Amino acid sequence: MGVRQSLGIFMPGITRGIGISVADFTLAIAVQNLSWGLLQPFAGALAVRIGYGRLMISGALIYLAGLLVLTTAQGATAVMIGAGIAIGLSMACAGPAIAMAVAARAVPPAVRSTVLGMVSAAGSLGAMIAAPIGQSLMQHQDWRWGVAGFAVLAALMIPAALAAGRIDRIAAPAQDPSDQLSALGAVRVALANPYFVVMALAYFVCGMQLIFLTTHLPSYLDLCGMDPMLSAQALGMIGAFNVLGSLFFGWAGGKWNKLLLLGAIYFIRSLALCWYFIGTATPSTTLVFAAIMGFLWLGVSPLIQGWIVDTFGLKWQAMLGGVAFVSHQFGSFVGAYGGGMLFVAMGNYDTAWKIGVGVGLLFGAMQMAASLKAGSKPRLPPLTAA
């Protein structure tokens with residue numbers, strides 16, 4: 001997650017180094033997010049069929065291959081294949097949805113939400129490590145050395161996938177409410193649940209805001225004349241506070257209404273975006289902003305995955321999380337590519353951040369309103385009715 005979240009630090013170097021436009025680079029990141037989202041439901045269903053171990057190992061190898069292609073890129077096509085398609089496919093096979101499904105199976109329900117927060121927090125640690133390493137290698141050598149450093153970090157996914165794949169030897173918990181459902185049946189039940197639909201639609205704004213920041217914040221700071229290292233420090237700050245936020249919201253999701261917490265995250269994030277971009281960027285305000293956004297960054301993941309398990313059971317958790325995630329990744333596509341297109345058209349990010357704030361406030365309010373009707377622990381409808 002840290003490597004993938006930090007690719008934006010290479011945008012100035014790649015665009016100048018191989019002569020592609022900002023829109024070309026952001027299109028690759030947008031395709032990465034879109035392919036990840038569209039493939040995630042299928043990867044989740046495939047995990048039930050072939051096992052989590054094989055799926056995660058395949059994802060780790062594809063991730064490494066994508067970074068190696070990006071390291072040797074000479075034009076927009078290689079950037080699209082490496083940073084776009086390959087990493088998008090690999091994230092569907094070895095990203096947070098699969099990792100959380102593995103973790104949820106390994107622990108009792110009483111601590112599940114907290115453990116999901118721990119998994120999300122572990123992903124956040126990657127940004128603290130990857131962004132400064134990549135920025136330092138790029139400054140002392142060039143952007144290709146930075147991407148090569150990311151490839152070395154990504155290679156660590158392979159032994160991790162081998163270890164986590166041992167979950168396939170553990171029998172699924174008895175009396176899982178989704179055991180009697182096929183993949184298609186589980187999707188139908190989820191889409192018939194209005195609270196799932198609202199949650200999935202609100203997930204759009206999460207992807208739009210976060211990918212806009214990871215892709216365009218380095219460029220925005222460059223426009224403001226800031227030290228290039230500040231963007232890496234900001235991404236590292238996001239990662240550090242995301243650890244705290246993920247742990248907090250994982251714990252909080254075990255005690256309070258998960259959907260209400262989700263809506264509050266979206267709403268407060270949008271207010272923070274407005275505060276930062278409406279003022280003048282400085283190193284101090286940038287790091288404070290990064291800390292606020294970091295605390296609210298991936299806390300959504302344990303809340304969404306936890307609510308899906310509470311409502312629909314464990315068997316199809318990764319797949320149904322992937323169905324909701326499609327909306328998130330359409331938002332990511334808009335945040336990455338739409339932000340780039342608006343920047344090219346306007347010459348600044350004013351219109352882009354205003355749209356992000358407005359949509360975030362709207363969807364955050366919708367999610368909070370729906371949560372008050374859903375209650376704290378909605379359950380799967382009777383299987384006979386489904």
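Worth saying up front: this structure is predicted, and the values here are computed from it rather than measured.
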Joint cluster assignment, Phe267 & Trp256, ILVMFWY side-chain distance < 4.5 Å: yes
More than 12 heavy atoms from other groups under 6.0 Å of CH2 on Trp251: yes
Salt bridge (Lys or Arg N to Asp or Glu O under 4.0 Å) assessment of Asp310 paired with Lys258: CA-CA 10 Å; Asp310 288 346; Lys258 294 179 177 67; 2.8 Å; yes
Check: Ala73 main-chain N/O paired with Arg144 side-chain donor or acceptor under 3.5 Å: yes
Qualifying residues under side chain to side chain donor-acceptor pair (under 3.5 Å), relative to Arg269, sequence neighbours excluded: none
Side-chain (Arg4) to main-chain (Met1) donor-acceptor, under 3.5 angstrom: no
Mutual orientation of the aromatic rings belonging to His328 and Phe325 [parallel < 30°, tilted 30-60°, perpendicular > 60°]: parallel
Whether Trp307 and Phe312 hold their rings parallel, tilted or perpendicular, with breakpoints at 30° and 60°: perpendicular
Side chain Ser327, main chain Ala324, donor-acceptor under 3.5 Å: no
Test side chain to side chain contact (heavy atoms under 4.5 Å, CB included) applied to Val197 and Asn193, step by step: CA-CA 7 Å; Val197 173; Asn193 186 314; over 6 Å; no
Side-chain (Asp142) to main-chain (Trp145) donor-acceptor, under 3.5 angstrom: yes
Close side-chain approach of Val79 and Asp24, heavy atoms under 4.5 Å: no
Non-neighbouring partners of Leu273 that pass side-chain contact (heavy atoms from CB on, under 4.5 Å), sequence neighbours left out: Gln209, Leu213, Phe277, Phe289, Met293, Val357
Side chain to side chain contact (heavy atoms under 4.5 Å, CB included) between Val300 and Tyr266, worked out: CA-CA 9 Å; Val300 300; Tyr266 300 150; 3.8 Å; yes
Thr285 side chain to Thr282 backbone, donor-acceptor under 3.5 Å: yes
Aromatic ring proximity Tyr63/Phe150, centre distance under 6.0 Å: no
Steps toward side chain to side chain contact (heavy atoms under 4.5 Å, CB included) verdict (Met91, Gln40): CA-CA 8 Å; Met91 290 298 293; Gln40 187 67 76; 5.9 Å; no
Gap between atom CG of Leu39 and atom CD1 of Ile85 - 0.5 Å precision: 10.5 Å
